[in-house]
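Here's the structure we're looking at; comments come further down.
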Amino acid sequence: MASGSSSSAAGRRNKAKIRWSKLYSFSCFRADVNNINGNTGTGGDNTSGPVPEHQHLLGRPGFSRVVFCNEPHLHKVKPFKYPKNYVCTTKYNVVTFLPKALFEQFRRVANLYFLLAAMLSVTSLAPFSPVSLIAPLVFVVGVSMIKEAVEDWHRFLQDLNVNSRTVQAHNGKGIYVNKAWKDLCAVLVSLITATGFALFLKYEMNDWWYLKLGDDDPSYKPSKPYISGFLQFIRALILYGYLIPISLYVSIEVVKVLQAMLINKDIELYDEVTCRSVQARTSNLNEELGQEMLNRWSFVWGDINEVDLEVSKRMNVNLEAYQFSLHQRSDSGESLERFEFSLADMGTEMEVLGGQKENLRISHVGKEYMTKGFNFRDDRLMYKEWITCRSNIFDVTMFFRVMALCHTGIPVEDDAGTDKFKYEAESPEEVAFLIASKEFGFQFYRRTQSTMFLKEFDYTTGKDVNREYKLLNLLEFSSSRKRMSVIVRNEDGQIFLLCKGADSIVFDRLADNGRSYQEATASHLSNYAEDGFRTLAFAYRRLEVEEYEHWNKIFTQAKTTIGLEREALLETASEMIEKDLILLGAVAVEDKLQKGVPECIDKLAQAGIKIWLLTGDKKETAINIGFACSLLRQDMNQFHLSLANESTANIDRLKAMTEDILHQLESFNKVMREERNKGSPLALVVDGKALEIALKNDVKDQFLQLAVNCASVICCRVSPKQKALITRSIKEYTGKTILAIGDGANDVGMIQEADIGVGISGMEGMQAVMASDFSLPQFRFLGRLLIIHGHWCYKRITKMILYFVYKNVAFGLTLFYYELYTSFSGEVLYDDWYMTLFNVLLTSLPVISLGVLEQDVSSEVCLQLYSLPTYIYSPAAFKEDGHVADLTHLGAITYTCIIWTVNCQIALIISHFTWIQHLFMWGSILLWYIFLFMYGALPPSYSQRGFRILVESLGLVPMYWLVTLLVVVVSLLPYFTHIAVQRLFYPMDDHVIQEMKYSGKDVVDDQMWQREQSNSKKMTQVGISARIDARIRYLKDNLHQKKASLYRSVSPIFRSLTSSPMFYF
Amino acid sequence: MDVDEGSSLDTIGDQSVPQHSRRCKAFHQFTQQSLPACKPVLTPKWVSSWRTTICEGLFLKMFFTVFGYLQVVEIVDRYDAECIPEAYKSNKMAYIKDNSIPKNCSQFLKVYKRMKAPIYIYYQLDNYYQNHRRYVKSKSEQQLLHGLGSNDTSSCKPQESNNGLPIVPCGLIAWSLFNDTFTFIRGKSELKVSRKNIAWKSDRDHKFGKHVYPFNFQNGTLIGGGKLEPSIPLSDQEDLIVWMRTAALPSFRKLYGRIEEDLDTDDVVVVKLMNNYNTYSFGGKKKLVLSTSSWLGGKNDFLGAAYVFAGSSCIFVSLVFLLLHTKIPGN
């Protein structure tokens, strides 16, 4: 009863200590259950025997816990009294918020720097007044902290939501009572609690670069060169702090929050079925989405499979589709009819082999058939029509019976109490079969220990009959057997063995007279496999009573054997009976992926993103899914990495296994080197057990090298821990950005380990969502999220940072240039308030609008460093009445120029103007004049340098305006020329696209548009498009060959014609 | 400007949002990132038209600027070296520090072009770091306005107090007040020079007190520059006010007065000056400047040159563009 729980709610305080490896590797030891049980009798105080050393650690975070089922009272006293199930993912509480949030803020290098500068500014060293340093810092830190608080509040609300969920708890007396989630005790909460970690670890941002300018030694006190030199250095450090954009952090944060908001609001990412929209849960990773796009060589870990099966299990979305292939021998006995039933739109294809053409009614318009999980429409089979046109009706009936009986499902009555049933079964495909057979008139409606009840359509009478089948034996499915059989006795006393299984297995066990459909079935099966369907063959066998009795004895004996040889005995027993089968047909189940998944994967593949599929499913399923979403193709070279023989964990065996894997890898590598020239894509299918070996240190590099070179990689039968492990290995190996997407609790580790974790909401619990950075209601939205929002966010953030640096360097350089003229004494050109307002107010809003609303253009800012105003200023009078300008005037003039230039520069950077941008840009400039006016109107003791500066001097001086204009034009002209030249002569892709959009050429000039489109695509070997391309190539080759042969045969005649190029395609 | 109304994008917005609520619609467009936007595309046409506009503007201004500056007549005369008697040429410090040596000196200025009144008189100091941080800080604005009523003169160090009383006006700036004087003689008669209204009006009215008298100025042992008449309030000491406006660069001019008569070509003006101010100790230069003014103020070669440069480079780049564009069509 010991259960590994990596942490608990109480473990929150230990979060900092817990490392990733701890989280996944359950390094904790197992508790000795017997010992514990002995202890409980004596109230936890062991009197007999020594206490194991680890005893006292039990129940602590990171250690195994003992949980007693159905005995809640045991958990009310100390040794087993565990913390409540309260889930807490918040970072702060009311008390800790201030110290913790402040600590978080000042952990950033830049903030620390500014804090230091602010502290120094209180001393006499500071070149400007303390307020001009402290105010921006307070503003910046304040805004960041408010943002933190708001985000934490949202997390708190989410926790509240989770904690107040009601669950039904067993109170120990057989009665279930409703309890709030948080009040539960001793429930395994490891994963949920673990989600909190993601928020912590993702939080750290990169350290920013920072610029430092030394100051050489002009000093006030030549007598003490060292001290004064040092003091000068500190002063310069403070002064040139303006080179570091203090508001960069806060602006980025504001922008990210707004971006996240816009992502959340995007109506195209809204799922109407689940009424959910995308949620960017932390706003810190938006641009990484785009980085994903940019890196072109990273991975999406699509755990798509989980998604699908979940869908079908829950039956809440109409996504499953079935294909049946029935082969009937018609009365004449000569011709085989082949009916291919598939999705309605494909169903028009009907092929009749042989001569006899039956007049089949196929109507696809039909009624909307609304059985969820069932997407098969064909009038020949539906509505019990199959009876009218079937000649060998018995086989058809048997086919459906196999479908309805050979399974482990149980019917669950619907809430409404009607005769509608839901089914629950081990695997979703069984459920699918049950639903399908119900639709065909074989409704499985009740199951007892040994009997199965079927509401059957009797084709002789045309009525529904209730039939009872005695379930004699069940030969279970296992991955090695790849088949499942039931032995039933019907009401007439006939005993049948009904078998379903993998085609190869079933085909091997057919009787000689049971192979009448084999050839046709085989060809259909290969078609289905090609299309990515999961195929199963159905067969049956009629057993004589004596034969059965005889066999049953052996089987029962095998079953009751206890010991190692039990498996083998059962195996041989079932081998004995599962033979001489008669083939009935085959079923193809489509693992219908969520809507849009293949398209989405196709898009991502074209964008150059590598896609790996990690699934806990068995290999066949995984491969089928690979086919379904075009990760795999028929012409791909598939490498299957698996362990040859099942083996126990023995040291020698381990060595042998490692060598086995190494050997396999070696041979794959060899094949790959040979194949690479041929250009046929490679796929790697790895099995969970093999993976465990392959990820061991000594084999890891070789494995990853191979995997990275394959077009697609599928890992099946992987555990949650392995998922996380693979993610980490790849991240470390390639160093690329990795995105993980998944929906279940088993994906949590993977989601947390990846750079970007995406959870799919609405399917299975909230664990994946809670751990993720983004949550999507549907897989297909990933495409839009990555390609559009990721791209935008990335561009926006990069542009923004670039511009930020530009504007601060421009500003800082004017300070620096001015220092040249003051013999580096530390005098500042600008008034304190100008300095304060520069980053906080006058230039920040346009940047934010850039960061939030910009829509794509690519251009580099070439930094213009200008010191023009300083040169323009000359000692001559600058006003008509002979007044000369002084320090204050120069400061204001320069500042005006800076404001204009910086805001005009952003106008050149922005390629997407909405009124918001206009408002912010021109508003900022206007704001500066308004500020100057108002500031000048204050009494001189407040306004100091700015007193009446605009009204009395600057505003009346034509030179002021002229200089402003000149500086703006001169500083922006080079950049303008640069982008113009770039656009005209070296256009980038997005420029061309923009221009074509602008001129409407995308409609007219199709060719050019297509060229751009194809340019933007990357060579990829996965995805639908790649598959289609491959098919086309194949067909073309075929055509060429045919043509060539044709040509050879008729060459004398056509030789003259070949000179015309028209002849060739 | 090429405008692409983003109307095609917001079809969703049009359907789901009722037309009457425009604010709601605007918000929807904002959240869907489909606000109508103008996306300027740098098409050759657009670029060249803008370029032409800018070039024309620059040229126009270049013309006006240069024209304006051509009207300005400026006479600059450096006198600090010439005004030292031969005997002291090797020991300037001894000359300037010795109060017993007469400091008067005469300079002759020839007017090369007719100058219309008002002719502004400036003194120019070179290599004089009035913008040094310690210098700039060394004054008390409160004291200048309120006199002894303001006690905080800590910023004025080292010229803070004398005999326990704060110096009025305190600080290095005031202490180093420029004290050369100039009189101008044409022919026999002295030129009429106005020394009123040379400071900014706002300074006189709001920054220097009407009842603050420099009663103990330059009484200390270390005499810096000029002295002030103790009976005149600071608000009327315009030389001080001008001096207190610290210059931004180490080479600066300050207004001394205005000659209110025209000077004709080839007039010779005799400047009688008192060479009191010590620039010899730090290698500074002293110059006398007579200048007329245009609508752009005084002569500013750099601004003119900048406009010429900008305008011509603009034209040049345009030509290159035109050439390239005609050579490489399409794209």
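Note that these values count all heavy atoms, side chains included, but never hydrogens, waters or copies made by symmetry. Predicted model, so just to flag it, every value in this text is computed and none were measured. Naming convention: chains lettered A, B, ... in sequence-line order (proteins, then strands); numbering from 1 in each chain.
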Which is it for A/H889 and B/R245 under the side chain to side chain contact (heavy atoms under 4.5 Å, CB included) test, yes or no, and what are the steps along the way?
-> CA-CA 10 Å; A/H889 297 124; B/R245 277 252 177 182; 3.5 Å; yes
Smallest separation among heavy atoms of A/Y821 and B/Y129, with atom names = O-CE2, 3.1 Å
Counting heavy-atom pairs under 4.5 angstrom with chain B, the leader among A/T914, A/L965, A/V969 is A/T914
Which answer fits A/L962, side chain, backbone, both or neither, if we ask what part of it has an atom under 4.5 Å from a heavy atom of chain B?
-> both
Does any heavy atom of chain A fall under 4.5 Å from the side chain of B/T246, the backbone, both, or neither of them?
-> both
Sub-3.5 Å donor-acceptor pair from the side chain of A/E952 to the main-chain atoms of B/K201, do we have one?
-> yes
Atom CG in B/N131, atom CG in A/L829: separation rounded to 0.5 Å?
-> 9.5 Å
Taking everything shown except A/W915 itself, do over 12 heavy atoms lie less than 6.0 Å from its CH2?
-> no
Interatomic distance, CZ@A/F947 vs NE2@B/H206, rounded to 0.5 Å, equals 4.5 Å
Would you mind checking which part of B/Q142 comes under 4.5 Å of any heavy atom in chain A, side chain (CB onward), backbone (N, CA, C, O), both or neither?
-> side chain
OG1 of A/T822 to OH of B/Y135, rounded to nearest 0.5 Å, is 14.5 Å
